[in-house]
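Written below as structure tokens is the structure these notes are about.
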Amino acid sequence: MSKQKKLKPELASGFKDRKGNELILKDRLIEIIKRNFQLYGFEPLETPGFEISENIGKFLPDADRPMAGVFGFKDQKDWISLRYDLTAPLARYVSENFDSLSKPFKRYQVGSVWRNEKPGPGRYREFTQIDADIVGTNNVSADADMCVLLADTLNKCGLDKNEYLIKVSNRKLIQGLLEELKITKDSKKLTIIRAVDKLDRVDIAGVNALLGKGRKDKSGDFTKGAGLTENQSEEIISFLKIDSFSKLGNLSSNTTFKEGISELSEIFELTKVSQFSDRIKFSPAVVRGIEYYTGAIFEANLLFKVKNKKGEKVEFGSVGGGGRYDDLIARFTQSKYPATGVSIGLDRLLYAIDQKTIEKVKYNNPVVICVFDKKQMPQYNKILTLLRSSNINSEIYCGDGSLKSQIKYADKRNAPAVILCGDNELKSGTVTIKNLKLGREASENVKTREDWTSNKTAQITAQIEDLVNEIKKLL
RNA sequence: GCAGCUGUAGCUCAGAUGGUUAGAGCGCUUGGUUGUGGACCAAGAGGUCGGUGGUUCGAUCCCACCCAGCUGUACCA
């Protein structure tokens, strides 16, 4: 007989299984965030994972990536694609249901999005986003609300005030500067905006290089720059160096620039009364690389360091952001329809919060009732009912293993305890509760085999009426 | 996409400057106890040495190409 080729169990690169505590924490964060979004007056919306490609792809005004980066295929009729964010489906939804929606329309949405591109550390091809958007108003108060919402949300997720910062800026600032510098070519503008966006990674000198001729990275690879003159670069660099909002006014008298300033000061005015006013700060380098932003821009940054895969402490940076995008929905409706919104990268946020010991979730794996003898199942079920009706996660061992393997099973699942009920216990109407948690700790001092075989300190025998109380004590 | 580095067991890695049966630790399975996990002891399973071609009497080792991974960079809706 020829050997059959076995399948290799593995995931496509960029995808990840999630389990246990991580998932429990994720669900909890989602609950907190949803609740907070509701508190701010957003209503829930769910849309399908797939959209007609044209609706979420082609209309995007970003010429760099017309259809690349999405998963898609042709069905009987259309090309359809997995959504790559929640904003594009929102634009479709609002346009499609325009007449029946309250205006402005405020919705939040939680869901997976997919991007078909090269995965990196902490970057997957499927991940969860949570968005909140307000569609149908250009009131700056909506933008201000977004800032407070972001801050409040992070706060409610368990972060201290010194652990996050909402950075705010306005696209009109850089756009005004570009006007003043007589830079009109769209592609050049975009290159400049993206160079500015990289400040936190490549420092001032790096940005300067990217604005001018170009920059060589560590591996020796060369990135072509925007090709600005020295004077032009200087202007932009001096803008980036501004450290306080009040100094902005001296920089330029351009009309668009001034508009940006006045919108920003309105945001600061409006958020001043919130309890997060000190968490919302102007930062000139926040521009975001996306082309469609037209006004206010926000970015939620974590200020504490997290450990990477190698255990090194690194800056984590942004866990979310957003801004005003007044032209996006016009792609469907042909009339301008202003909108503003934020997006939280839940998996990134989760990764960071998971490392904060304070927020460790205690997920109680089930108490395991061991099966000595299948004939005693009625008794085991009685015990099970007692536990479950007291809201204690529990189960009867459901495999075929020996007692030893049953306990091993419970141990591997990190169960808090097993319940032993064999002939001895049955006769006396008791159960033996073996505290696995305690045993784990005790085992550290055990040196010889004799020591540990005789070590039964981590178990007690209790009357069946006391079972629930005894278990509750050790949870 | 571009650049640099790296591919040996499920994981982390060793190895011979080309020579019979390729190693360790961890993990996994089983036993040491047919009523006891975690320490300990023993046994066992697990590898086309990333792939293809070339050089050679002989390649996991040398060469070429390819593929994959990592890191940086670009892109990031």
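We name chains A, B, ... by the order of the sequence lines, and we start the count at 1 in each one.
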How close or far is atom [atom2] of [N] from atom [atom1] of [X], stated in whole angstroms?
X       : N      : atom1 : atom2 : value
R115(A) : G1(B)  : CZ    : C1'   : 18 Å
D203(A) : G72(B) : CG    : C1'   : 15 Å
E425(A) : U36(B) : CD    : P     : 12 Å
L403(A) : G31(B) : CG    : C1'   : 16 Å
N365(A) : G37(B) : CG    : C1'   : 15 Å
Y397(A) : G37(B) : OH    : P     : 14 Å
D373(A) : U34(B) : CG    : C1'   : 13 Å
F222(A) : A74(B) : CZ    : P     : 12 Å

Please give the distance between the [atom1] atoms of [N] and [M] as a whole number of Å.
N      : M      : atom1 : result
G54(B) : A43(B) : C1'   : 44 Å
C75(B) : A64(B) : P     : 33 Å
G53(B) : A16(B) : P     : 28 Å
A9(B)  : G50(B) : C1'   : 14 Å
C61(B) : C70(B) : P     : 24 Å
G27(B) : C63(B) : P     : 38 Å
C49(B) : G44(B) : P     : 23 Å
G46(B) : U29(B) : P     : 15 Å

Is the shortest side-chain N to carboxylate O distance from [X] to [Y] below 4.0 Å?
X       : Y       : result
E395(A) : R413(A) : yes
D200(A) : K167(A) : no
D197(A) : R288(A) : no

Checklist line | Presence of R201(A) side-chain N/O under 4.0 Å of U73(B) phosphate oxygens OP1/OP2 | finding: no
Margin query: Strictly below 4.0 Å: does K404(A) bring a side-chain N or O up to OP1 or OP2 of U36(B)?
Written below: no
Checklist line | Donor-acceptor pair present, Q459(A) side chain and G37(B) base, under 3.5 Å | finding: no
Next item on the list: Kindly indicate whether the side chain of K434(A) and the base of U36(B) share any N or O donor-acceptor pair separated by less than 3.5 Å?
Entry: yes
Quick one: which of [options] gets closest to the side chain of [X]?
X       : options                : result
R215(A) : G35(B), U73(B), U36(B) : U73(B)
T223(A) : G37(B), U73(B), U36(B) : U73(B)
F372(A) : G37(B), U73(B), G35(B) : G35(B)
I407(A) : U73(B), G37(B), C75(B) : G37(B)

Please list each protein N or O that sits under 3.5 Å from an N or O in nucleotides 28-30 of chain B, with the distance.
residue: C28(B); atom: OP1; partner: K412(A); partner atom: NZ; Å: 3.0

Next item on the list: Mind checking side-chain hydrogen bond (donor to acceptor under 3.5 Å, both in side chains) for Y108(A) and listing every partner two or more places apart, or none if nothing turns up?
Entry: Q38(A)
Notebook entry, point to check: Hey, does K224(A) reach any base, or is it just sugar-phosphate, or nothing, if we go heavy atoms under 4.0 Å?
Noted result: nothing
Item checked: Listed once per pair and sorted, the side-chain hydrogen bond (donor to acceptor under 3.5 Å, both in side chains) pairs that draw on residues 338-347 of chain A, sequence neighbours left out -> R18(A)-D347(A), K26(A)-D347(A), D131(A)-S343(A), D143(A)-T340(A)
Next item on the list: Would you kindly compare D423(A) and T191(A) by the position of their nearest RNA chain B nucleotide and give the one closer to the 5′ end?
Entry: D423(A)
Note to self: Would you say the rings of Y337(A) and F98(A) are close, in the sense that their centroids are separated by under 6.0 Å?
What the structure shows: yes
Notebook entry, point to check: Taking the six-membered ring for Trp, is the centroid-to-centroid distance between Y409(A) and Y397(A) below 6.0 Å?
Noted result: yes
Next item on the list: Go through the side-chain N and O atoms of T47(A) and Q109(A) and say whether any donor and acceptor fall under 3.5 Å apart.
Entry: yes
Notebook entry, point to check: Does one side chain, of N301(A) or S318(A), offer a donor that lies under 3.5 Å from an acceptor on the other?
Noted result: no
Next item on the list: Would you please name every residue forming a salt bridge (Lys or Arg N to Asp or Glu O under 4.0 Å) with K198(A), sequence neighbours left out?
Entry: none
Note to self: I'd like to check the salt bridge (Lys or Arg N to Asp or Glu O under 4.0 Å) partners of D326(A); sequence neighbours left out, ordered by chain and number.
What the structure shows: R324(A)
Next item on the list: Would you write the dot-bracket representation of RNA chain B, where each base gets (, ), [, ], | or . depending on whether it forms a Watson-Crick or G-U pair under 3.5 Å and with which partner?
Entry: (((((((..((((.....[...)))).(((((.......))))).....(((((..]....))))))))))))....
